[in-house]
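Working notes, structure below.
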Amino acid sequence: MFRILFIGIGNMGFPMAGYLSKFNDVTVYNRSKEKIDKWLSIYDGKSIKSLSEVNKEYDFVISCIGNDNDLQNITTSENGCLDQLKENSIFIDHSTVSPKLVLKLEKAFAEKKVNFLDAPISGGQSGAENGTLSIMVGGNKQSFIRSEEILKSYGKKIKFMGNPGSGQLTKIINQICIAGLIQGLSEAIYFMKQTNLSPDDVLEVISS
C-alpha cells in the first residue's frame, strides 16, 4: 500500500483516484470543495485544503489538471507543492501540457531529488471510468518501473516512451491522428449531404 496524493478530481481524475483508493492510502486535493465532498462520499480516503499540507508524507503525487499554467501553479509556484515533497518520491502528471514545460519541471524536481514522469492519457472519460486508459510515459526508466503497478490501477495500455517529454510528444502525435480522422469524417459527411442518399442508411452501412 502506498501513500498517494491525487491532485485534480475532475471528470477524469475523479474515477482514477477512486481506483487507486481500493488498494492505497489516497488523499485528494481539488480547487472545488464540492468535488472533494462528492469523492469522499463514494470512496475511502482523505483530503487536504492546501498543498502546503503535503509535508513530505507521500510516496506518489499524481496530477490530472488542465494546462501548463495549472501544472506550474501546483508545483513550482509559491503555492505549489514541490518544496513539500519528500526525496525519492515520484510525481506523475497525467495532464496534457507542453514538452518544453516538462523539461523545465523535470529539472526543478531533480534539484529537489524528486522524480517526475510526464504521463499524458488517452481514452476519454469512459476510459477513466472503466480503468482502460492508455498511458504514454516519459522520464526516468527506474521511476517508471516503480510506478507501473500504480498506473495499472486505471490504465490498460501503459508504455514507457523514453526521456522526459517523450510522453507529451507521443500525445501530440496521438492528437494529430485523431484530428486527421475527424477531418476525414467531416469531409465525408459534407459530401454525403450533397447527394440524394439517406444519411441514416449511409451511416448504418459504413459504421459496420
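Only a predicted model underlies this, so the values are computations on that prediction, with no experimental measurement involved.
Judged by distance alone, the side chains of Glu129 and Gln125 do bring a donor and an acceptor atom under 3.5 Å apart.
Listed by chain and residue number, nothing satisfies the ring-ring contact (aromatic ring centres under 6.0 Å, His included) test with Tyr29 (two or more places apart in sequence, or in another chain). Listed by chain and number, the residues in a ring-ring contact (aromatic ring centres under 6.0 Å, His included) with Phe91 are Phe109, Phe116 (sequence neighbours excluded). Every residue two or more places apart in sequence or in another chain that forms a salt bridge (charged side-chain N to carboxylate O under 4.0 Å, His left out) with Lys152 is listed here: Glu149. Phe144 is linked by a side chain to side chain contact (heavy atoms under 4.5 Å, CB included) to Val137, Lys141, Glu148, Leu151, Ile158, Phe160, counting only residues two or more places apart in sequence or in another chain. Applying the side chain to side chain contact (heavy atoms under 4.5 Å, CB included) criterion to Ile176, with sequence neighbours excluded, gives Ile172.
In terms of hydrophobic clustering, with Ile, Leu, Val, Met, Phe, Trp and Tyr side chains grouped at heavy-atom distances under 4.5 Å, Ile150 and Ile145 are assigned to a common cluster. Under the 4.5 Å side-chain heavy-atom criterion for ILVMFWY residues, no single connected hydrophobic cluster contains both Trp39 and Ile65. Residues Phe14 and Leu40 share a hydrophobic cluster, clusters being chains of Ile/Leu/Val/Met/Phe/Trp/Tyr side chains in contact below 4.5 Å. Neither Met136 nor Leu117 shares a network with the other; the hydrophobic side chains, linked directly or stepwise wherever heavy atoms of I, L, V, M, F, W or Y lie under 4.5 Å apart, form separate groups for each. Under the 4.5 Å side-chain contact rule for hydrophobic residues, Phe2 and Ile9 share a cluster.
Heavy-atom contacts from other residues, nucleotides or ligands closer than 6.0 Å to CG of Asp44 number 12 or fewer. Annotation: Lys193, atom NZ; neighbour count of heavy atoms from other residues, nucleotides and ligands within 6.0 Å does not exceed 12.
Using modelled atom types, no side-chain atom of Asn55 and backbone atom of Glu57 make a donor-acceptor pair closer than 3.5 Å. Looking at Asn130, its side chain does come within 3.5 Å of a backbone N or O of Ser126 through a donor-acceptor pair. Of the possible polar contacts, none joining the Gln84 side chain to the Val54 backbone as a donor-acceptor pair under 3.5 Å is found. Here the side chain of Asp118 pairs a donor or acceptor atom with the backbone of Gly167 at under 3.5 angstrom. Ser50 places no side-chain N or O within 3.5 Å of a backbone atom of Glu53 that could act as its donor or acceptor partner.
Between Tyr43 and Ser21, the closest heavy-atom pair is CB-OG, 3.7 Å. Contact detail for Gly165 and Pro99: the closest heavy-atom pair is O-CB, 4.3 Å. In this structure, Val28 and Ala17 approach most closely via the heavy-atom pair CG1-CB, 4.2 Å.
In this structure, Ile135 CD1 and Lys171 NZ are separated by 11.0 Å, a value rounded to the nearest 0.5 Å. Atom NZ of Lys112 is separated from atom OG of Ser89 by 12.0 Å, given to the nearest 0.5 angstrom. Taking OG from Ser166 and NZ from Lys159, the interatomic distance works out to 12.0 Å, rounded to the nearest 0.5 Å. Asn24 contributes atom CG, which lies 8.5 Å from atom CZ of Phe60 (distance to the nearest 0.5 angstrom). Atom CD1 of residue Ile7 and atom CD1 of residue Ile74 lie 4.0 Å apart, to the nearest 0.5 angstrom. With values rounded to the nearest 0.5 angstrom, Lys100 atom NZ is found 12.5 Å from Leu105 atom CG.
In the hydrophobic clustering, where aliphatic and aromatic side chains (Ile, Leu, Val, Met, Phe, Trp, Tyr) are joined below 4.5 Å either directly or transitively, Leu203 groups with Leu185, Ile189, Met192, Leu197, Val202, Ile206.
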Checking side-chain contact (heavy atoms from CB on, under 4.5 Å) for the pair Cys64/Met12: CA distance, chi angles, key distance, verdict? CA-CA 7 Å; Cys64 187; Met12 303 285 282; 3.9 Å; yes

Residues Leu85, Val61; criterion side-chain contact (heavy atoms from CB on, under 4.5 Å); working and verdict: CA-CA 9 Å; Leu85 303 182; Val61 177; 3.6 Å; yes

Give the C-alpha distance, both sets of side-chain angles, the deciding distance and a yes or no for side-chain contact (heavy atoms from CB on, under 4.5 Å) between Ser147 and Ile92. CA-CA 8 Å; Ser147 306; Ile92 304 172; 3.8 Å; yes

Starting from the C-alpha separation in whole Å, work towards a yes-or-no answer on side-chain contact (heavy atoms from CB on, under 4.5 Å) for Met16 and Leu133. CA-CA 10 Å; Met16 292 164 67; Leu133 292 169; 3.8 Å; yes

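Side-chain contact between Tyr58 and Thr27 is present, with at least one heavy-atom pair separated by less than 4.5 Å. A heavy-atom distance below 4.5 Å is found between the side chains of Asp93 and Leu71. Within the 4.5 Å cutoff, no side-chain heavy atoms of Ser63 are placed close to those of Thr75. Under the 4.5 Å side-chain criterion, counting only non-hydrogen atoms from C-beta, Val97 is in contact with Val102. Using a 4.5 Å heavy-atom cutoff, the side chains of Ile90 and Arg146 are in contact. Leu5 has its side chain out of reach of Ile62: every pair of non-hydrogen atoms, C-beta onward, lies at least 4.5 Å apart. Contact annotation: the side chain of Gln168 approaches that of Pro120 to within less than 4.5 Å [non-hydrogen atoms, C-beta and beyond].
In this structure, Phe6 has its ring center no closer than 6.0 Å to that of His94.
In this structure, Asp59 pairs ionically with Lys86, as a charged nitrogen and a carboxylate oxygen lie closer than 4.0 Å. Between Asp25 and Lys46 there is a salt bridge, with a side-chain nitrogen of the basic residue lying less than 4.0 Å from a carboxylate oxygen of the acidic one.
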